[in-house]
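Notes for the one structure printed next.
If you're wondering where the values come from, they're calculated on a predicted model, not measured in any experiment.
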Amino acid sequence: MEERRRFAWSALMVLLLAMIAWGAVEGDAVPAVEGGKRNAYAAMMYMGTPRDYEFYVATRVMMRSLVKLKVDADLVVIASVDVPIEWVQTLKEDGVKVVAVENLKNPYEQQKNFNVRFKLTLNKLYAWSLVDYDRVVMLDSDNLFLQKTDELFQCGQFCAVFINPCIFHTGLFVLQPSQDVFKDMLHELEVVRSNPDGADQGFLASYFPDLLDKPMFHPPVNGTKLDGTYRLPLGYQMDASYYYLKLRWSIPCGPNSVITFPSAPWLKPWYWWSWPVLPLGLSWHEQRRENVGYGAELPVMLIQAAVYLGIIAVTRLARPNLSKLCYNRRPEKSLLFLHSILKVAVAWSLIATYTVPFFLIPRTVHPVLGWSVYLLGAAALASIAINSFLLSPLSVLTPWFAILGALGVMAFPWYSDGVVRALAVFAYSFCCAPVVWIQLMRMMSSLHMLLEREAFFPRLGETTLMSEFNKLY
């Protein structure tokens, strides 16, 4: 009876801890933003790309982080009419106003340098149609806010940051909504105004060509709104690449308020593999953990982890039977051909070991969890190859240890600057690559010797019958 009570108490404690952990994963509750504000932070959302869900998650994280900063403005998402109703409802529950719009036709699709992922970015022009507001700060979903920036609503009719020395960046800009300006922009689209990249960036740079010559924005201390166009200090759009050079911010002009990630699309901060390749990804995920949580991805990750653990256990127990499926001990004329096929199968199994788990993990999961499940998955698939083909565990797992070491080198927190970090990663790769290559060649050599030897034995894992010659002894 006492043991049952202890067991019941232990089970109850585990359940309570699980519920607490689940609540932490779900994120903190964020109160809805009161409506009727004179200014707004706005973002856009559209469908038609392979990364729609990731941008939806990123938009939620950004909007809820603004709520937590207690900004004095409405939060608006300009969503195309084909955005799933479930996403729209979730955004509304987060305190976001959703404005449904039709996609603007992009007249620049036939340009030679046109990138199809920019096809619907001209929907950003709908920001000028939000005439219920005095000022709107238009945002891309890859912005990471370090502090609130309500002083931007004091800027003029158009204000933007110059990340590039000559071209302003449209990941964050301030505008005064106007139906006249909006209609004029639509007219410019009809006449196919010059646009270097066919996206919102090129169109707005062409529409406001003289912004570089405008004065720098400094918010008036009395809170009044300015007229005209202004350049915004770089601190409102700090390019993440500046951070990686020194591994710290060293931007003296303007407040260090907003980080943007205009780099390669597949290295956005919400992708689990972007950390520790790009250390700032962990900062973005910290905001997601606090504001949104990982309730959508956690069940999938738990299922994957359970499957991988099951694979490791089953392959270990079924090792003799697995190897019998791979090796044919009966002498046949096609033995050489079968051995060649077996070698190809071994090579492909090794490739699958380190690639399949990568693509099965949800893209927007927390990096620590993502890398942990990836390494577990690679170990599970490696166990299949090891036990099926009787390979050396050290040779098969050498890339596994190399990846683990690379993560440790990149995540090492005490580098003096980004150059030292880059040199350390290069040195590690330079020293590690020959070791991996040698182990792989050694594995293939041992596989070849095993195949040559196996022709003399009828079955693996079974006691061979003594030959007539051996019976004499």
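Pairing each heavy atom of Ala160 with each of Phe168, the nearest pair is CB-CD1, 3.7 Å. When every heavy atom of Leu369 is checked against every heavy atom of Leu298, the shortest pair comes out as CD2-CD1, 4.2 Å. For the residue pair Pro165 and Leu212, the shortest heavy atom distance occurs at O-CD1, 3.8 Å. Taking both residues in full, the closest heavy atoms of Pro233 and Val161 are given as O-CG2, 3.6 Å, listed atom of the first, atom of the second, then distance.
The closest donor-acceptor contact from the side chain of Lys268 to the backbone of Phe261 lies under 3.5 Å. Between the side chain of Trp284 and the backbone N or O of Leu144 there is no donor-acceptor pair closer than 3.5 Å. Checked by atom type and distance alone, the side chain of Asn195 pairs as donor or acceptor with a backbone atom of Phe203 at under 3.5 Å. No donor-acceptor distance shorter than 3.5 angstrom exists from the side chain of Thr149 to the backbone of Leu152, with no hydrogens or angles considered. The backbone N or O of Val292 sits nowhere less than 3.5 Å from a side-chain atom of Arg60 that would complete a donor-acceptor pair.
Classification of Arg288 and Glu297 as a salt-bridged pair holds, one side-chain N sitting under 4.0 Å from a carboxylate O. Between Asp210 and Lys214, at least one side-chain nitrogen of the basic residue sits less than 4.0 Å from a carboxylate oxygen of the acidic one, meeting the salt-bridge criterion. In this structure, Glu54 does not pair ionically with Arg51, as no charged nitrogen and carboxylate oxygen lie closer than 4.0 Å. Lys37 and Asp74 are not joined by a salt bridge, as no carboxylate oxygen comes within less than 4.0 angstrom of a charged side-chain nitrogen. A salt bridge is absent between Arg231 and Asp213; no separation between the charged side-chain nitrogens and carboxylate oxygens falls under 4.0 Å. Ion pair Lys246/Asp417 not flagged as a salt bridge, since none of the NZ, NE, NH1 or NH2 atoms sits closer than 4.0 Å to an Asp/Glu carboxylate oxygen.
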*Could you please spell out the steps behind the side-chain hydrogen bond (donor to acceptor under 3.5 Å, both in side chains) verdict for Ser206 and Ser194?*
CA-CA 7 Å; Ser206 175; Ser194 175; 4.8 Å; no
*asked:* salt bridge (Lys or Arg N to Asp or Glu O under 4.0 Å), that's the test. Do Lys148 and Asp72 meet it? Break it down for me.
replied: CA-CA 9 Å; Lys148 71 177 182 179; Asp72 185 22; over 6 Å; no
*Please assess Trp371 against Phe358 for the test ring pair (Phe, Tyr, Trp, His ring centres under 6.0 Å), listing each intermediate value before the final yes or no.*
CA-CA 9 Å; Trp371 281 111; Phe358 182 90; 7.1 Å; no
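Taking CD of Glu109 as the start and NZ of Lys119 as the end, the distance is 4.5 Å to the nearest 0.5 Å. Between Tyr308 atom OH and Ile303 atom CD1 the span is 12.0 Å, to the nearest 0.5 Å. Taking CG from Asp184 and CG from Leu189, the interatomic distance works out to 10.0 Å, rounded to the nearest 0.5 Å. The CG atom of Asp239 sits 11.5 Å away from atom CG of Leu245, with the distance rounded to the nearest 0.5 Å. Atom CG of Leu125 is separated from atom CE of Met138 by 9.0 Å, given to the nearest 0.5 angstrom. The line from CD of Gln147 to OG of Ser257 is 4.0 Å long, rounded to the nearest 0.5 Å.
Here the rule is side chain to side chain contact (heavy atoms under 4.5 Å, CB included) with Tyr41, and of Val67, Val76, Leu139, Asn143 only Leu139 fits it. Checked against Met45 for a side chain to side chain contact (heavy atoms under 4.5 Å, CB included), the options Asn123, Leu120, Leu91 give a single hit: Leu91. The one candidate from Phe55, Trp275, Tyr56, Tyr294 that meets the ring pair (Phe, Tyr, Trp, His ring centres under 6.0 Å) condition with Trp270 is Phe55.
A 4.5 Å side-chain heavy-atom check between Val99 and Leu130 finds at least one atom pair inside the cut-off. Taking the side chain as every heavy atom from C-beta outward, Tyr207 and Glu188 approach each other to under 4.5 Å.
A tilted orientation is assigned to the rings of Phe182 and Tyr126, their planes being inclined by 30° to 60°. Aromatic ring pairs are classed by plane angle as parallel below 30°, tilted from 30° to 60° and perpendicular above 60°; the pair Phe158 and Phe173 is tilted.
Between Trp273 and Tyr374, the distance from one ring center to the other does not fall under 6.0 angstrom. For Trp414 and Phe412, the ring centers sit closer than 6.0 Å to each other.
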